[in-house]
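Step one of this worksheet: look at the structure below.
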Amino acid sequence: MTADVATPTRPDAVEPEPGPRRRPPWLRHLPPVVLLLVLAWLPYVPVELPGLLPGRVNGPGSMQLLATCLVFAGFALSYDVIFGRTGLLSFGHALFVASGSYLLTISVSSWSMPLPLALLVALGGTTLLAVVVGGIALRVGGIAFAMVTLAFAQAASIIVLRDPGGVTGGEEGKALARDAVPSILVGVSNAPYRYWLALGFVVVAFLLVQALVASRAGHAMAAVRENEGRAAVLGFTTYRVKLLAIVVGAFLGGLGGVVHALVLGGSSPHLTSAEFTLALLVMVVLGGAGSRWGALVGGFLYHYADARLVEASGSGVFDVLPDVLADVLGEPLFILGTFFVVVVYFAPTGLTGLGGRLVRKAVRP
Amino acid sequence: MSDLLLILVTGLGLGALYFLAASGLSLIYGLMGVLNFAHGSFMTAGAYAAWVTMDAMPSSTAVGLRLLVAVLVALVVGTLVGVVVEVVLIRPLYRHHIQQVLVTVGLSLASVAAVQGVFGSDPYPVAKPSFMRGTVDVLGARLPVDRFVYLAVALLLLGGLLALLRYTRLGLVIRAGVENRTMVEALGIDVQRTFTIVFGLGGAVAALAGVLFSQYAGTVSPLQGGSLLIYAFIVVVIGGMGSLTGTAVAAFAVGLVQQLANYYAASGIGDLSVVLLLALVLLLRPSSLQGAHA
């Protein structure tokens, strides 16, 4: 049961090109560096991209949207450590993102801690939570693990909505006290700085995941994903490997929550919802689970589509359709959910896997 | 004393709803190993089908009769939805459990959005028959009648499902399939068809749960199914992943714990204590959760 549950498809085992035309290492690292430079340059680009972005690329609206998209790319990357790299179907990852976000906001706003200390509390608290929750949930495997993690995330959601002692702000969410945050991150005109912060988070998360995947622990995770029974026979304590994956994923997710709170100026109960936890799964699978770029692309596109589709339905693009159809298509989640089902069927390696296949086909017909 | 009695009855009533929501889930999981996230959508489909039916019938008809017709319509809709989902979405991904979960996740997200698009995200009030609104006095406690209705439906369903599993050929195939699916296939029995039937059955039971839960809540709303689904998941895990009697015991236990904690500790602790109960069961008896016997 456990073994055949825990084997999601993954494409990047053959990442270095086989055959004699293997690319030199500097060429391999070139595209990501160029991409990073382009992204870092965006706040200086005063071009309008009508339909794609609200206003100029370096306008506050676009900057805020792109910053949030980047944060979501980081969320997806952190979840991919657990799902794509280790093969654990967890429905509780939202718990860790929310814990990072809320611990930071509460520490700063309710307990008036200085930001560095609040950062420590948020990251330490999230990691500790991951050890406890992961430690308990990992006592069962496969589908039961998925349900148990979902239950824990739900408990967090209940706590946040009940607003104990007025610290979480209930359904309204909690705003970050503005005077405790460096002034460079506050205000509409400082959107580029928040964008760079989000970009920095994604870079850190990406490098960390790359280092992890290349390490001994990363190989152990891959072994557990491919065949847990076999990994156990080879002498790995699979429980510890899986717990490590959860803790690392939770740490990155918590860091993402912190950045999310800083970028959006507070915490929202949406981060604890079951819908968000499922959305993380959708992002990773859309992009391509367990691959270098899949989760990043999936997270970025998911949030972008979510935000822009609301805009599209508001602008009356669907008005030509019959009312009922227009209403249904006006719900971004309907389009994303349907698209997701299509991807699961026809592109099991996700969009990046599909793109890679098309590129390879074009290069060598 | 009368307080305790009231808490016990409301707890059992709530547990009955949990059992209704969880039994289809547990049956499907036990036989096919499919974690059906779309189960919440089945419940929502049932609830909305019933609401639309009750709305469409002339209001001069007695509410009880309208509810009865609505339940029948919901059962048909639930069965159809279950069968269609199994045939179109689940069957092609046979033996790919993760992909099956993913597809049902996508379906649940899309269907909630679709319902929101068509009916709007606001809850609508549901008419409740007068006999279900009343209370009866037992030992000085005023007990709401509708809880007894839920309890009766749940017990009837449990009895019916157990009889189905024990005394019919279909039940025999299901029990054998839970035990060892490969062997049943090797004996030349069409398990595929049984899957479809079980999904249809699960859809019907889910639709019934959806209707009764909308009666309990007094409204229908798009997110109702999803919130009930999470408790159904917890119940299925505590009940031993696929065992029907285990699910029933777990459902009533969860309902009772929730109501008792809400009353004696503090309002809102009940939901948390359910998760705590789950954690305790996992820590103390993890082995009981791995296997499944129908």
Side-chain angles (χ1 to χ4, degrees), chain A residues 1-2 4-9 83 87 89 91 132-133 136-137 139-144 146-148 150-159 161-162 164 274-275 278-279 281-282 285 289 313 324-345 348, chain B residues 29 33-35 37 40 89 92-93 95-121 223 226-227 229-234 236-237 241 266-272 274-276 278-280 282-283 285-287 289-292:
Chain A
M1 184 71 242
T2 337
D4 66 4
V5 161
T7 46
T9 48
F83 175 67
L89 184 59
F91 284 119
V132 173
V133 168
I136 294 176
R139 292 177 68 93
V140 287
I143 297 290
M147 294 190 188
V148 172
L150 181 69
F152 277 112
Q154 193 57 24
S157 172
I158 293 166
I159 295 177
L161 287 178
R162 297 276 176 199
E275 194 187 80
L278 296 182
L281 181 69
V282 173
V285 175
S313 72
V324 172
L325 205 59
D327 286 344
V328 171
L329 286 179
E331 297 284 334
L333 264 183
F334 178 76
I335 297 177
L336 284 168
T338 313
F339 184 57
F340 173 67
V341 172
V342 171
V343 165
V344 170
Y345 271 103
Chain B
Y29 181 79
V34 177
L35 174 63
F37 259 91
L89 292 177
L93 296 173
R95 280 185 199 283
H96 298 272
H97 290 299
I98 292 261
Q99 275 80 354
Q100 284 175 335
V101 174
L102 297 183
V103 164
T104 59
V105 165
L107 186 64
S108 72
L109 290 176
S111 67
V112 168
V115 170
Q116 272 176 354
V118 175
F119 295 101
S121 43
L223 294 175
S227 60
L229 183 68
I230 288 174
Y231 288 102
F233 278 154
I234 295 177
V236 170
V237 175
M241 306 289 295
S267 168
I269 300 293
D271 303 343
L272 291 183
V274 169
V275 178
L276 212 62
L278 174 72
L280 265 178
L282 284 179
L283 284 173
R285 301 201 54 197
S287 57
L289 302 175
Q290 305 285 10

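Proteins come first, then strands; the chains are lettered A, B, ... in the order of their sequence lines, and each starts at number 1.
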- Could you go step by step and tell me if Leu336(A) and Leu109(B) meet the side-chain contact (heavy atoms from CB on, under 4.5 Å) rule? CA-CA 8 Å; Leu336(A) 284 168; Leu109(B) 290 176; over 6 Å; no

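- When the shell of 6.0 Å around CZ of Phe339(A) is examined, it contains 12 or fewer heavy atoms from other residues, nucleotides or ligands.
- Under the 6.0 Å cut-off for aromatic ring centres, Phe37(B) and Phe91(A) qualify, their centroids lying closer than that.
- For a residue to count as touching a neighbouring chain, one of its non-hydrogen atoms must lie under 4.5 Å from one of that chain's; by this rule Phe334(A) touches chain B with backbone and side chain alike.
- Interface residue Leu281(A): only side-chain heavy atoms are found under 4.5 Å from chain B.
- Looking at residues two or more places apart in sequence or on another chain, you find a side-chain contact (heavy atoms from CB on, under 4.5 Å) between Val148(A) and Ala137(A), Val140(A), Phe152(A), Val237(B), Leu278(B), Leu282(B).
- A distance of 7.5 Å separates CG of Leu35(B) from CG of Leu89(A), quoted to the nearest 0.5 Å.
- Atom CE in Met147(A) sits 10.5 Å away from atom CD1 in Ile234(B) (nearest 0.5 Å).
- The structure places CD1 of Ile230(B) at 8.0 Å from CD1 of Ile158(A), a figure rounded to the nearest 0.5 Å.
- If you measure heavy-atom distances from Ala274(A) to chain B, the contacts under 4.5 Å come from the side chain alone.
- Only the side chain of Val101(B) has a heavy atom closer than 4.5 Å to any heavy atom of chain A.
- The closest side-chain heavy-atom distance from Leu89(B) to Val341(A) is below 4.5 Å.
- The OH atom of Tyr231(B) lies 6.5 Å from the CD atom of Gln154(A); values are rounded to the nearest 0.5 Å.
- Legend: residues meeting side-chain contact (heavy atoms from CB on, under 4.5 Å) with Ser111(B), ordered by chain and number and at least two apart, are Ser41(B).
- Ranked by heavy-atom pairs under 4.5 Å with chain A, the list Val105(B), Leu102(B), Leu107(B) is led by Leu102(B).
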